[in-house]
K.L.:
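Mind looking over this structure? Questions follow.
Computed from a prediction, not measured in an experiment: that's the story for all the values here. Side-chain atoms are counted along with the backbone in the values below, which use heavy atoms only and exclude waters and symmetry mates.
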Amino acid sequence: MMMLAMALLAAQAADVPADVVVTGERLRRLRVHAAVARNGRLRGCEVTISSGDAAIDRQACVSTRDCMASGQRAGEALANCVDGQLIAFVRSGAAG
């Protein structure tokens, strides 16, 4: 049974376009440091590990600011919000 599951996963992975894999690796690598003021607002944002794409890096800080402004202040909720916005940004074709 385990061999069948592994074979199915390998077959699915083979169907993924190369640009999707590259973009996924870029997003996985990306790390951002957000400085938060006492009032909970974003005071500063810095990409500490680049995705390798300047547009994605810039958007990461824009998304962090937007998500915090909408009430997602920290933790998993903030990370999910930023991830969702970054994925939408990449899908829009705006990333390099």
Side-chain angles (χ1 to χ4, degrees):
M1 188 66 145
M2 183 63 107
M3 295 295 284
L4 178 59
M6 290 173 56
L8 287 171
L9 286 173
Q12 288 174 346
D15 292 339
V16 177
D19 61 329
V20 171
V21 173
V22 169
T23 301
E25 283 299 313
R26 286 180 173 169
L27 291 174
R28 190 174 65 82
R29 192 170 49 229
L30 178 65
R31 296 291 179 266
V32 174
H33 173 74
V36 181
R38 288 185 183 168
N39 64 3
R41 297 182 114 177
L42 184 64
R43 193 178 54 171
C45 182
E46 175 186 10
V47 173
T48 57
I49 299 177
S50 175
S51 67
D53 184 310
I56 291 173
D57 292 355
R58 282 190 303 276
Q59 184 62 38
C61 283
V62 169
S63 295
T64 300
R65 183 197 67 224
D66 292 349
C67 288
M68 289 185 74
S70 72
Q72 310 302 321
R73 300 288 182 187
E76 191 173 336
L78 177 59
N80 289 339
C81 180
V82 172
D83 287 349
Q85 286 197 17
L86 284 174
I87 290 166
F89 177 77
V90 169
R91 285 184 177 158
S92 75

K.L.:
Looking at Ser63 and Ala60, would you say the former's side chain and the latter's main chain have a donor-acceptor pair under 3.5 Å?
P.N.:
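Between the backbone of Ala60 and the side chain of Ser63 there is no qualifying donor-acceptor contact (under 3.5 Å).
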K.L.:
Closest heavy-atom contact between Leu42 and Cys61?
P.N.:
CD2-O, 4.4 Å
K.L.:
Give me the atom names and distance for the closest heavy-atom approach of Met68 to Leu78.
P.N.:
CG-CD1, 3.8 Å
K.L.:
Can you name the closest pair of heavy atoms from Ser50 and Gly52 and give their distance?
P.N.:
OG-N, 2.9 Å
K.L.:
Assess the residue pair Val62 and Arg65 against the criterion (side chain to side chain contact (heavy atoms under 4.5 Å, CB included)); give the C-alpha distance rounded to whole Å, side-chain angles, the decisive distance to 0.1 Å, and a yes or no.
P.N.:
CA-CA 5 Å; Val62 169; Arg65 183 197 67 224; 3.8 Å; yes
K.L.:
Would you say Arg26 and Val90 make side-chain contact, with heavy atoms under 4.5 Å?
P.N.:
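No, their side chains stay 4.5 Å or more apart.
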K.L.:
Distance from Ser51 atom OG to Arg58 atom CZ, nearest 0.5 Å?
P.N.:
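Going from the OG atom of Ser51 to the CZ atom of Arg58 covers 10.0 Å.
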K.L.:
Say whether, by atom type as modelled, one donor and one acceptor occur between the side chain of Arg31 and the main chain of Arg28 under 3.5 angstrom.
P.N.:
yes
K.L.:
About how many Å separate CD of Glu76 and CG of Asp83, when rounded to the nearest 0.5 Å?
P.N.:
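Separation between the atoms: 10.0 Å.
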K.L.:
Taking CZ in Arg73 as the centre, count heavy atoms belonging to other residues, nucleotides or ligands within less than 6.0 Å. Is the count above 12?
P.N.:
yes
K.L.:
Answer whether the closest heavy-atom distance between the side chains of Val32 and Val82 falls below 4.5 Å.
P.N.:
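Sidechains of Val82 and Val32: no contact.
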K.L.:
What's the separation between atom CG in Leu30 and atom CG in Asp53, rounded to the nearest 0.5 Å?
P.N.:
10.0 Å
K.L.:
What heavy-atom pair brings Cys81 and Gln72 nearest, and what distance separates the two atoms?
P.N.:
CB-CG, 4.0 Å
